[in-house]
Amino acid sequence: MFITLEGPEGSGKTSQVPSLADYLREEGYDVVVTREPGGTAVSDQIRDVLMNLKNVSIVPRTEILLFLAARAQHVEGLIRPALEAGKLVLCDRYGDSTLAYQGYGHKTDLETLRYLLNYATGGLKPDLTLLLDIPVEMGLERKRKNDSEWNRLDAYAEAFHKRVRQGYLELAKLEPERWDIIDASKDKDQVQQDMRQAVISRLKQK
Ligand code: TYD
C-alpha cells in the first residue's frame with residue numbers, strides 16, 4: 001500500500017507523519033516513512049540543490065527535471081522495493097506536488113508534466129493521497145513563525161501559493177477515489193485523528 005501526503009506550505013503534514021506512522025505500526029503494519037524531494041542518498045543530494053537559497057538562477061525546466069530525477073531514484077531505490085516486500089510506504093510529497101507546484105503554480109503545461117511524471121516513476125501511482133488542505137495565508141503564517149524551515153521555494157509570491165492550493169483541490173476532484181481531503185486548519189490532534197481514520201478506512205477496503 002502506497003500512501004502519499006500532500007498539501008500547501010504550512011499544512012503541518014511533515015509534523016503529523018511520525019505519529020501517523022507509530023499508530024499504523026501499532027495496528028500491525030510494516031511502515032516505511034520517506035519524503036520528497038529526498039528519500040535516498042542521491043535524491044537527498046538533488047534536494048540540497050533544489051532547496052539552496054543561493055540557487056536563485058534555477059530555471060523552471062531545470063527545477064522540474066531535478067524534482068523528477070530525485071523521484072526516479074526514490075521510486076527504484078526505495079519505494080518500489082518496499083512495496084514489493086509488502087510494506088506500507090508513507091511518503092511526504094510525491095508526484096502531485098509536481099503537478100500542483102510546477103503545473104498549477106508555475107503554469108507549466110500539465111499534459112507535459114504528466115508525461116514526464118509517468119516516465120520518472122515508471123507509472124507508479126499512490127493508492128491513497130491525503131491532502132492536508134489549509135488557506136494560504138494561514139499556512140504561510142505558520143511557516144514564517146519557524147524561520148529555520150524557510151527555503152527557496154517558500155519565497156515565491158502569495159499568488160503562486162494560492163494557485164498551488166487550488167491546483168491540489170482540482171487534482172483531488174479529478175480522481176476522488178484516490179484522494180481524501182483533510183481540513184488542516186483544525187488543531188493538530190484533530191488533524192491526526194482525521195488522517196488516521198482516512199488511512200484505516202482505506203486499508204480496510206483493500
Ligand atoms: P520541504 O522543506 O520538504 O517542505 P514541506 O514541509 O512543505 O514538504 O520542501 C519541499 C518543497 O518543494 C515545497 O515547497 C514543495 C516543493 N516541491 C515542488 O515544488 N515540487 C515537487 O515535485 C516536490 C516533491 C516538492
Side-chain angles (χ1 to χ4, degrees), residues 2-18 20 33-40 42-53 55-56 58-75 78-79 89-110 112-121 124-126 129-136 138-168 171 182 184 188 191 195:
F2 181 25
I3 300 173
T4 59
L5 303 177
E6 295 283 354
E9 306 307 305
S11 61
K13 72 193 155 40
T14 306
S15 63
Q16 296 281 4
V17 172
L20 180 61
V33 174
T34 187
R35 65 151 184 197
E36 291 210 341
T40 68
V42 169
S43 312
D44 278 333
Q45 291 171 61
I46 300 172
R47 178 189 177 89
D48 291 341
V49 175
L50 280 160
M51 297 297 146
N52 195 329
L53 282 164
N55 288 338
V56 282
I58 289 184
V59 298
R61 268 178 288 155
T62 308
E63 187 177 285
I64 290 163
L65 293 169
L66 287 172
F67 277 119
L68 294 175
R71 184 163 304 132
Q73 194 70 23
H74 192 202
V75 166
L78 190 146
I79 300 173
V89 176
L90 206 55
C91 187
D92 185 351
R93 296 196 182 282
Y94 187 64
D96 297 301
S97 283
T98 305
L99 298 174
Y101 282 78
Q102 282 66 52
Y104 290 90
H106 287 303
K107 303 182 178 174
T108 305
D109 177 60
L110 283 168
T112 306
L113 283 183
R114 285 185 202 280
Y115 177 83
L116 292 171
L117 190 55
N118 190 50
Y119 176 71
T121 60
L124 181 69
K125 288 190 86 175
T129 300
L130 301 184
L131 171 57
L132 270 68
D133 183 47
I134 188 164
V136 169
M138 195 187 267
L140 290 178
E141 186 52 34
R142 275 192 193 168
K143 249 208 144 166
R144 274 186 206 114
K145 285 191 184 146
N146 187 351
D147 274 348
S148 62
E149 279 187 25
W150 197 253
N151 65 49
R152 189 181 63 81
L153 298 166
D154 296 319
Y156 288 126
E158 198 158 311
F160 168 82
H161 292 291
K162 289 200 163 141
R163 289 197 298 275
V164 170
R165 183 191 182 203
Q166 285 313 314
Y168 271 129
L171 290 169
I182 308 282
K188 66 179 196 328
V191 174
M195 292 170 77

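Predicted, not measured: the structure shown is a model, and the values here were computed from it. All ligand and atom numbering here is 1-based and tracks the order in the structure.
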Of all heavy-atom pairs linking Tyr94 and Leu124, the shortest is OH-O, 2.8 Å

Charged N to carboxylate O below 4.0 Å: is that the case for Glu36 and Arg71?
yes

Show which atoms of ligand 1 fall inside a sub-4.0 Å distance from at least one heavy-atom site of Met51.
9 (O), 10 (C), 11 (C), 12 (O)

Mind checking whether Arg35 contacts ligand 1 via backbone (N, CA, C, O), side chain (CB onward), both or neither, at a 4.0 Å heavy-atom cut-off?
neither

Proximal atoms of ligand 1 relative to Thr14 (non-hydrogen, under 4.0 Å)
6 (O)

What are the atoms of ligand 1, with element, lying closer than 4.0 Å to any heavy atom of Gln102?
18 (C), 19 (O), 20 (N), 21 (C), 22 (O)

For the atom pair OH (Tyr101) and CD (Glu9), what is the distance rounded to the nearest 0.5 Å?
3.5 Å

Give yes or no for whether the N/O distance cutoff of 3.5 Å, strictly under, is met between Glu63 and ligand 1.
no

If you apply the rule side-chain contact (heavy atoms from CB on, under 4.5 Å), what do you find for Thr129 with Ile3, and how did you get there?
CA-CA 6 Å; Thr129 300; Ile3 300 173; over 6 Å; no

Counting each atom of ligand 1 from 1 as listed, which ones have a heavy atom of Glu9 under 4.0 Å away?
7 (O), 13 (C), 14 (O)

Classify the ring geometry of Phe160 against His106: parallel below 30°, tilted from 30° to 60°, perpendicular beyond 60°.
tilted

Side chain, backbone, both or neither: which applies to Arg47 and ligand 1 if a contact is any heavy-atom pair less than 4.0 Å apart?
side chain

Looking only at distances, please establish whether an N/O atom of ligand 1 is found under 3.5 Å from an N/O atom of Arg71.
yes

Any donor-acceptor pair under 3.5 Å from Arg35 side chain to Asp92 backbone:
no

Just jot down the ligand 1 atoms closer than 4.0 angstrom to any heavy atom of Thr98, in number order.
21 (C), 22 (O)

Looking at every non-hydrogen atom in both residues, tell me the closest pair between Ser11 and Ala184 and how far apart they are.
O-CB, 3.5 Å

